[in-house]
Amino acid sequence: MTAVWILAAAFIIDWIIGDPRWIPHPVIGMGKAIKKVENAIRARVTRPEGLKRAGILLPVIVAGGSLLLTWLVLWGLHKVHPWLAWAVEAVLIATTIAVKGLKDAGKEVRGHLRRGDLPEARKSLGMIVGRDTAHLDEPEIVRGTVETVAENIVDAVVSPLFYAIIGGAPLAMAYRAVNTLDSMVGYKNDKYLHLGWASARLDDIANFIPARITAGILVVSAWLLRLDAARAWRTVRRDARRHPSPNSGFPESAVAGALGIRLGGENVYHGVASFRAYMGEALRPMEARDITMTIRLLISVSVIFILLGIAVLWAAGGSLWTRW
């Protein structure tokens, strides 16, 4: 049952330590690799048709390379000693999840709001969102924080754990590479429309099942936290597919329904306004307490899903795990 203990250890490592800035993070290496591959492609290909074909090659090289490199490292360490490979695998899986980082980021914004320090709250929010935050008032700062924490329950918790349960650290690292690709090249702008399309599509596919699992667990968590679980479920069914992302609407609508607030609306990116469909109903004004409750939902989903993952591995005798 080694797989069970590795998964549990990875979750505990992230819960306690998170991602200290003084420790090199694999995502940094992935980002450098993506940039090098992109530059190599652009040096050889300039036409839109060629870039679109090369766009398929980009995730194959980066995500496939991440999976293969992780497998080779763990295979080599296992030859030295199995316990060494298990310890490194737990650490690697821990780097793919970010419960502590997401929780701390939300708490930082909430702390500034409670002290009435809007400039610092805007600055902290700007570190975790892509939208312009310089002129946001308190309700909009709360909205941005709640949306980001809710959306990242999928990307930073459920999805990497989902793939770790299926294929251990190699598959979890491959997922993180796909997610990093999407954040770097998955844009529908002039620069990445052709080269980044496959990376964006692959990220949508990778998060499809985890996003829907997350929405279901959020409804359960709303019931456990004595929020409105029935409204959360209704809001998911009504609003989730209105979001421009095929996946982000599921956690956002569930949180909006559970809290009785309305997410979505106008965001500004680099001075250009963009409207996102509304999620939920504005039954009351948003306040800093909504960040607190969203963090509690994050924690609840994380704990429930890791327990489900451990149960699945236990029942399967670890057979879903990548074997060395």
Side-chain angles (χ1 to χ4, degrees), residues 14 96-107 109-110 125 128-131 142-163 175-176 178-179 182-183 186 200 203-225 227-265 267 276-282 286 290-306 308-309:
D14 175 71
T96 68
I97 57 181
V99 179
K100 185 178 188 299
L102 196 54
K103 171 169 61 76
D104 290 349
K107 285 183 175 180
V109 177
R110 183 196 62 190
L125 177 61
I128 57 175
V129 299
R131 71 191 71 175
V142 171
R143 177 170 75 88
T145 308
V146 169
E147 287 175 351
T148 299
V149 173
E151 178 181 357
N152 280 285
I153 295 174
V154 178
D155 292 358
V157 184
V158 175
S159 283
L161 285 174
F162 177 81
Y163 290 104
Y175 166 76
R176 182 51 63 208
V178 169
N179 195 243
D182 181 61
S183 67
D203 184 72
D204 289 342
I205 294 170
N207 287 311
F208 187 88
I209 294 174
R212 285 145 183 84
I213 293 173
T214 302
I217 301 177
L218 276 167
V219 172
V220 174
S221 296
W223 177 76
L224 291 172
L225 294 172
L227 299 172
D228 198 324
R231 186 172 60 222
W233 177 244
R234 290 196 305 270
T235 306
V236 169
R237 295 185 64 187
R238 185 190 67 201
D239 296 342
R241 289 177 177 81
R242 296 178 182 175
H243 198 283
S245 162
N247 300 315
S248 298
F250 283 84
E252 288 187 26
S253 59
V255 170
L259 298 181
I261 59 176
R262 187 177 70 181
L263 301 176
N267 299 328
R276 285 190 176 182
Y278 289 123
M279 306 272 123
E281 301 168 357
M286 281 180 279
D290 291 315
I291 299 176
T292 301
M293 296 311 300
T294 305
I295 292 171
R296 290 180 183 176
L297 286 167
L298 158 70
I299 293 170
S300 177
V301 171
S302 302
V303 172
I304 290 173
F305 191 71
I306 192 65
L308 287 173

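In this chain, residues are counted from 1 in sequence order. Here the structure is a predicted model, which means the values were calculated and not measured. The basis for the numbers below is simple: all heavy atoms, side chains too, and nothing from hydrogens, waters or symmetry mates.
R242 pairs by the side-chain hydrogen bond (donor to acceptor under 3.5 Å, both in side chains) definition with D239, not counting sequence neighbours. For R231, the salt bridge (Lys or Arg N to Asp or Glu O under 4.0 Å) partners two or more places apart in sequence, or in a different chain, are D228. By the salt bridge (Lys or Arg N to Asp or Glu O under 4.0 Å) test, R238 is found to be paired with E281, residues two or more places apart in sequence or in another chain being considered. Qualifying side chain to side chain contact (heavy atoms under 4.5 Å, CB included) partners for A200, counting only residues two or more places apart in sequence or in other chains: D182. By the salt bridge (Lys or Arg N to Asp or Glu O under 4.0 Å) test, R234 pairs with no residue at all, sequence neighbours left out. The ring pair (Phe, Tyr, Trp, His ring centres under 6.0 Å) search around F162 returns none, not counting sequence neighbours. For F208, the ring pair (Phe, Tyr, Trp, His ring centres under 6.0 Å) test picks out no residue, with sequence neighbours left out. Considering only residues two or more places apart in sequence or on other chains, E147 meets the side-chain hydrogen bond (donor to acceptor under 3.5 Å, both in side chains) condition with R131, R143. The salt bridge (Lys or Arg N to Asp or Glu O under 4.0 Å) test applied to K103 returns no partner, not counting sequence neighbours. Partners of D14 under the side-chain hydrogen bond (donor to acceptor under 3.5 Å, both in side chains) rule, at least two apart in sequence or in another chain, do not exist in this structure. Shown here are the side-chain hydrogen bond (donor to acceptor under 3.5 Å, both in side chains) partners of S221, two or more places apart in sequence or in another chain: S300.
Using modelled atom types, one side-chain atom of T148 and one backbone atom of G144 make a donor-acceptor pair closer than 3.5 Å. Within the 3.5 Å criterion, the main-chain N or O of R176 finds no donor-acceptor partner in the side chain of Y163.
Remark: I291 CD1 to K107 NZ distance equals 12.5 Å, nearest 0.5 Å. Between atom CG of residue N207 and atom OG of residue S245 there is a gap of 8.0 Å, rounded to the nearest 0.5 Å. For the atom pair OG1 of T214 and CD1 of I304, the computed distance is 11.0 Å after rounding to the nearest 0.5 Å. Between atom CG of residue L298 and atom CZ of residue R296 there is a gap of 12.5 Å, rounded to the nearest 0.5 Å. Rounding to the nearest 0.5 angstrom, the gap separating the CG atom in L297 from the CD1 atom in I217 is 12.0 Å.
The minimum heavy-atom distance linking L102 with I153 is given by the pair CD2-N, 4.0 Å. The nearest pair of heavy atoms linking I128 to A105 is CG2-CB, 3.9 Å. Residues V157 and S302 share a closest heavy-atom pair of CG1-OG, 3.4 Å. Closest heavy-atom contact between A206 and P210: O-CD, 3.5 Å.
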Donor-acceptor pairs under 3.5 angstrom involving side-chain atoms of residues 249-263: please list them, not counting sequence neighbours.
{"residue": "S253", "atom": "OG", "partner": "G249", "partner atom": "O", "Å": "2.6"}
{"residue": "S253", "atom": "OG", "partner": "F250", "partner atom": "O", "Å": "3.2"}

Evaluation steps, side-chain contact (heavy atoms from CB on, under 4.5 Å), between F305 and L161: CA-CA 8 Å; F305 191 71; L161 285 174; 3.6 Å; yes

Step-by-step side-chain contact (heavy atoms from CB on, under 4.5 Å) determination, N247 to R212: CA-CA 8 Å; N247 300 315; R212 285 145 183 84; 3.0 Å; yes

Criterion side-chain contact (heavy atoms from CB on, under 4.5 Å) on D155 and Y175, from CA distance to verdict: CA-CA 9 Å; D155 292 358; Y175 166 76; 3.7 Å; yes

R110 and T145: CA distance, side-chain angles, deciding distance, side chain to side chain donor-acceptor pair (under 3.5 Å) verdict: CA-CA 9 Å; R110 183 196 62 190; T145 308; over 6 Å; no

Worked verdict on V146 versus M286 for side-chain contact (heavy atoms from CB on, under 4.5 Å): CA-CA 10 Å; V146 169; M286 281 180 279; 5.8 Å; no

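Atom CG of L224 sits in a crowded spot, with more than 12 heavy atoms from other residues, nucleotides or ligands closer than 6.0 Å.
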